[in-house]
Chemist: 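Let me give you the structure first, and then I'll get to my questions.
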Number of protein chains: 2
Amino acid sequence: MLTDRQLFILQAIIDNYIQSAEPIGSRSISKSDGMSYSPATIRNEMADLEELGFLEKPHSSSGRIPSEKGYRHYVDHLLLPHRLSKKEIQNVRSLFAEKILEAEQVVKQSATILSDLTSYASIVLGPEVFESKLKHVQIIPLNAQAAVAILVTDTGHVENHTVTLPESLNSTDLEKIANILNDRLEGVPLYKLQEKIYKEVAGLLKQHVNSFHDAFRFTEETLQKSKQEKVFYGGKTNLLSQPEFKDIEKVKMIFEILEQDHTVHELLKPEQDGLVIRIGQENNYEAFEDCSIISATYSFDGKPVGTIGIVGPTRMEYPRVIGLIQHLSKGLSDALTNLYTSGN
Amino acid sequence: MLTDRQLFILQAIIDNYIQSAEPIGSRSISKSDGMSYSPATIRNEMADLEELGFLEKPHSSSGRIPSEKGYRHYVDHLLLPHRLSKKEIQNVRSLFAEKILEAEQVVKQSATILSDLTSYASIVLGPEVFESKLKHVQIIPLNAQAAVAILVTDTGHVENHTVTLPESLNSTDLEKIANILNDRLEGVPLYKLQEKIYKEVAGLLKQHVNSFHDAFRFTEETLQKSKQEKVFYGGKTNLLSQPEFKDIEKVKMIFEILEQDHTVHELLKPEQDGLVIRIGQENNYEAFEDCSIISATYSFDGKPVGTIGIVGPTRMEYPRVIGLIQHLSKGLSDALTNLYTSGN
DNA sequence: ATTTAGCACTCGTTTATCAAGAGTGCTAAC
DNA sequence: GTTAGCACTCTTGATAAACGAGTGCTAAAT
């Protein structure tokens, strides 16, 4: 177990290092607020902390930098939740104050604000429309071979997909299909839609539509599309300002991964709700061994529907970023929920 | 006027420099194919070409690199249109072979292919939906205060916008509005929509709907959104592989500009149809003084609706990129046009 | 009149050396 | 348990020397 003094020193070193990005020496720690020991004493403690794995030395006679274990301990036990500055609060507030009606807009802007307020890159996943309920189906024929199928959910989300029309379907068939679907499926959550179609609507369709099988493929294709979660980015360029990414090769590897939606998913997808902090190697990607990712889920109507996260160097301003993310994910959840529930 | 030999040398230098990214010396030119003069002769010619402004020296005793004027002359007079390799042709063909039905998909994939085949960053604007014609309007109430308005065009493009409902509009009003709009506006190109509403539909609405003024704001908001052109990117990370962008500061400036849709517009927007090549300072952005941008418009039904372009270092593989872009913009135009015209 | 060989010169790049400075670890004194 | 002192380590920056690629110019060759 670490002594209080060790904890204090560890904290001071990490706080300092987060600011300066340079190895911290015993002298500067001995001069920091509330520390009343000489550099020599600090040095002894630092040697112990290094032996315990909380600190590292870039080379034998340099100052110390935090190890991943050090950051982990800092994050888990030392970090005091940071109060947002007035400016930050104002910024976030103004985002949610405007009555923006489209979920996608709110989510996009959250990404932008998050990256503007930090010097890191922000990523937002979602919101998933899986839980939301079908409000309306519309099928609009464009010409003899193609039609646009449109789904609208109770959250105002619109999904559309252009499909080829089987020869066998004529425009009265389309109308019939749309009518049947609307009749039977309004209020059904999207994730149950496919099942419901098979179990309850198939028979009906069969009666009224000549080639009901073709009609299925058609609805399936449209549903498929709504499953993909969207990804929004903000301020990727910010990372280039961080001294740890002055090496182009490193940045390249990071950006390559961030360019692919599916790996971004893996990076951010939380295995639990609430705040998740992944430091360095905890990210399981070599390119991200010098990065930390902080993410939090946001909810609609109590159920998590997406993730808001930030990517920065392991030397991240954890207290501030954590405060911001918590605040934003809360705000985002409230905004989404307020927009579309309880008849409001 | 330049002699044939000077032109030949200029071309050889540029071809070489595009490959190697290093200043070219007289010796290496004298050994290139079809050149039968000694280094000393070449040196004399090179000195002349420098005096004429086609070449530059990074420092007094180094080899030559092309100046912007040099590139310009190369592009305008020397460059022989490059045949695409079989692999490239195949790649592009396979893109347009699949019957993708959504314009946005095709456009996105074009960006991806373009950046995959080059080592540069691709950008695609559009397609504009301005010329396309209204097929259907739908208004779907979500709750007492909000509704989703949906526009579908004859090209299968769907635009949706969530709007607040004025207290004064009830759901029968909404139906009426939608019916009136559909009746009167089907087939009208989007860019004429607003005008048409005011001139021809206003009166009708006034008769049937209590607060017709509110109804307008509503349609306007939705139209507004469809005006923004979309921007797709591909392979921005590629730029990091180019030796001229090993300097983080440069890359940062470039990426910052590429992150803003409106500056990207300015960079790519062609003042004429067809192929446009902007070399270095011709881009009018300081950050892009070492970049060239090659872009071409693509069309729907004969009218230009978007731009496909590529951003790379001034030392760009002009012949290949030009070949590719021409091929792609042609393919893109054909694909779009075939998808939605002549009842096909 | 061209072309080219020869050569001195320039300038960037690399390598080695050195001094300065920051920081450590250890010992011995407090 | 704490700290002053000091030798030692390692990075950083500056300076200089050696190297090499490439030039410009002159004078000879074609």
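Below, each value reflects all heavy atoms present in this structure, side chains not excepted, and no hydrogens, waters or symmetry copies. In what follows, every chain begins at residue 1, and chains take the letters A, B, ... in the order their sequences are listed.
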Chemist: Are the side chain of B:Ser67 and the backbone N or O of B:Phe54 linked by a donor-acceptor pair below 3.5 Å?
Modeler: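 The answer is yes, because a donor-acceptor pair under 3.5 Å joins these two groups.
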
Chemist: Taking 4.0 Å as the cut-off, does a side-chain nitrogen or oxygen of A:Ser60 come that near to OP1 or OP2 on D:dC10?
Modeler: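 Yes, because at least one side-chain N or O of A:Ser60 sits under 4.0 Å from OP1 or OP2 of D:dC10.
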
Chemist: Can you tell me the distance, in whole Å, between the NZ atom of B:Lys31 and the C1' atom of D:dA21?
Modeler: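 For the pair B:Lys31 NZ and D:dA21 C1', the rounded distance is 12 Å.
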
Chemist: Over how many whole Å does the gap from B:Glu56 atom CD to D:dG22 atom P extend?
Modeler: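 Answer to the nearest Å: 18 Å.
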
Chemist: Return the value, rounded to whole Å, for the distance between atom CZ of A:Arg27 and atom C1' of D:dG5.
Modeler: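 Result: 15 Å.
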
Chemist: Figure out the CD/P separation between A:Gln6 and D:dT2, and round it to whole Å.
Modeler: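 Rounded to the whole Å, the gap is 11 Å.
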
Chemist: Just wondering, are more than 12 heavy atoms of other shown residues or ligands nearer than 6.0 Å to CG in A:Asp4?
Modeler: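 Open.
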
Chemist: For A:Arg72 and A:Glu282, what are the C-alpha separation, side-chain angles and deciding distance, and is it a salt bridge (charged side-chain N to carboxylate O under 4.0 Å, His left out)?
Modeler: CA-CA 10 Å; A:Arg72 178 43 69 192; A:Glu282 294 170 13; 2.6 Å; yes

Chemist: Take B:Tyr318 and B:Ser292, measure what side-chain hydrogen bond (donor to acceptor under 3.5 Å, both in side chains) needs, and give me the verdict at the end.
Modeler: CA-CA 9 Å; B:Tyr318 294 95; B:Ser292 282; 2.7 Å; yes

Chemist: Quick one: A:His59 NE2 to D:dT12 P, roughly how many Å, whole number?
Modeler: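 Distance, rounded to whole Å: 7 Å.
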
Chemist: Apply the side-chain hydrogen bond (donor to acceptor under 3.5 Å, both in side chains) test between B:Thr237 and each candidate in A:Lys252, A:Glu256, A:Glu259; give the one that qualifies.
Modeler: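 Of A:Lys252, A:Glu256, A:Glu259, side-chain hydrogen bond (donor to acceptor under 3.5 Å, both in side chains) with B:Thr237 is met by A:Glu259 alone.
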
Chemist: Measure from CD1 on A:Ile24 to P on C:dT24 and round the result to the nearest Å.
Modeler: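 It is 10 Å, rounded to the nearest whole Å.
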
Chemist: Considering residues, nucleotides and ligands other than B:Arg5, do more than 12 of their heavy atoms fall under 6.0 Å from its CZ?
Modeler: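 Result for CZ/B:Arg5: enclosed.
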
Chemist: Closest approach to the side chain of A:Ser26, judged atom by atom: which nucleotide of D:dT23, C:dT24, D:dC10 is it?
Modeler: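 It is C:dT24.
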
Chemist: Go nucleotide by nucleotide along DNA chain C from the 5' end; which of B:Arg5 and B:Pro58 gets its closest nucleotide reached first?
Modeler: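 On the 5' side of the pair lies B:Arg5.
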
Chemist: Which residues within residues 35-54 of chain A lie with some heavy atom under 4.0 Å of an atom in DNA chain D?
Modeler: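 The stretch gives A:Tyr37, A:Ser38, A:Ala40, A:Thr41, A:Arg43, A:Asn44 as the residues lying under 4.0 Å from the strand, ordered by number.
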
Chemist: What integer distance in Å separates B:Arg64:CZ from D:dA21:C1'?
Modeler: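 So the two atoms are 13 Å apart, to the nearest Å.
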
Chemist: Grab the CD1-P distance between A:Ile65 and D:dC10 for me, whole Å please.
Modeler: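 My rounded result for the distance is 17 Å.
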
Chemist: Does atom CD (B:Gln272) have a neighbourhood of more than 12 heavy atoms from anything else shown, all under 6.0 Å?
Modeler: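 More than 12 within 6.0 Å, yes.
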
Chemist: For the pair A:His73 and A:His77, name the ring-plane relationship: parallel under 30°, tilted 30 to 60°, perpendicular over 60°.
Modeler: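 Judged by the thresholds at 30° and 60°, the geometry between A:His73 and A:His77 is tilted.
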
Chemist: Find the bend of the helix from C:dA1-D:dT30 to C:dC30-D:dG1 as the angle between its two terminal axes (five pairs each), to the nearest 10°.
Modeler: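 Comparing the axis at each end, I get an angle of 20°.
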
Chemist: Could you go through residues 9-17 of chain A and list every donor-acceptor pair under 3.5 Å that involves a side-chain atom there, pairing it with any protein atom two or more places apart or in another chain?
Modeler:
residue: A:Asp15; atom: OD1; partner: A:Tyr74; partner atom: OH; Å: 2.7
residue: A:Asn16; atom: ND2; partner: A:Ala12; partner atom: O; Å: 3.1

Chemist: Can you find a donor-acceptor pair, distance only, under 3.5 Å between B:Ser61 side chain and D:dT23 base?
Modeler: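 No.
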
Chemist: Answer yes or no: does a side-chain N or O of B:Lys57 lie under 4.0 Å from OP1 or OP2 of D:dG24?
Modeler: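 Yes.
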
